[in-house]
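Written below as structure tokens is the structure these notes are about.
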Amino acid sequence: MTDVVDSDELLRRIRRGRACAEQEERAWRERSEALEPTDPAGAREAAVRRLTYEAVLRVLDEILTPGRHAEVG
């Protein structure tokens, strides 16, 4: 059976997802910075994961606030 959710619940779920992605981005950024001096390969992998969460944040921001990351040019 499929759950039916109203727009308010959907918005709450998107915001929770955004908060989770923000926390993960921060954790991977910190890990990348911590590994840089001792494990460059690990630091690069952590940086790639950070970039992935940054992309998720940009998409969720666009859903929550259209035009927030509008390209200037």
If you take all heavy atoms of R12 and D6, which pair is closest and at what distance?
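Shortest heavy-atom separation between R12 and D6 comes out as NH2-OD1, 4.5 Å.
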Hey, are E54 and R50 close enough for a salt bridge, meaning a charged N less than 4.0 Å from a carboxylate O?
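Yes.
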Check: G67 main-chain N/O paired with E62 side-chain donor or acceptor under 3.5 Å:
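The answer is yes, because a donor-acceptor pair under 3.5 Å joins these two groups.
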Are any non-hydrogen side-chain atoms of C20 and R16 less than 4.5 angstrom apart?
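C20 does not reach R16 side chain to side chain.
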ILVMFWY clustering at 4.5 Å (side-chain atoms), partners of L51:
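Members alongside L51: none; it stands by itself.
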Which ILVMFWY residues can you reach from W28 by hopping between side chains whose heavy atoms are under 4.5 Å apart?
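Y53, all in the cluster of W28.
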Linking I/L/V/M/F/W/Y whenever any side-chain heavy atoms sit under 4.5 Å apart, do L11 and V59 land together?
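Same cluster: L11 reaches V59 through Ile, Leu, Val, Met, Phe, Trp or Tyr contacts under 4.5 Å.
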Taking salt bridge (charged side-chain N to carboxylate O under 4.0 Å, His left out) as the definition, give me every residue that meets it alongside E45, ordered by chain and number, with sequence neighbours left out.
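Result, salt bridge (charged side-chain N to carboxylate O under 4.0 Å, His left out) vs E45: R49.
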Can you name the residues that form a side chain to side chain donor-acceptor pair (under 3.5 Å) with R13, not counting sequence neighbours?
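Counting only residues at least two positions away or on another chain, R13 forms a side chain to side chain donor-acceptor pair (under 3.5 Å) with E9.
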Would you give me the side-chain donor-acceptor pairs under 3.5 Å for residues 30-39, sequence neighbours excluded?
from: S32; atom 1: OG; to: A43; atom 2: O; distance (Å): 3.1
from: D39; atom 1: OD1; to: G42; atom 2: N; distance (Å): 3.0

Only counting residues at least two apart or in another chain, list the ones meeting side chain to side chain contact (heavy atoms under 4.5 Å, CB included) with I14.
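Testing I14 for side chain to side chain contact (heavy atoms under 4.5 Å, CB included), a comparison that skips the adjacent residues, returns L10, L60, I63, L64.
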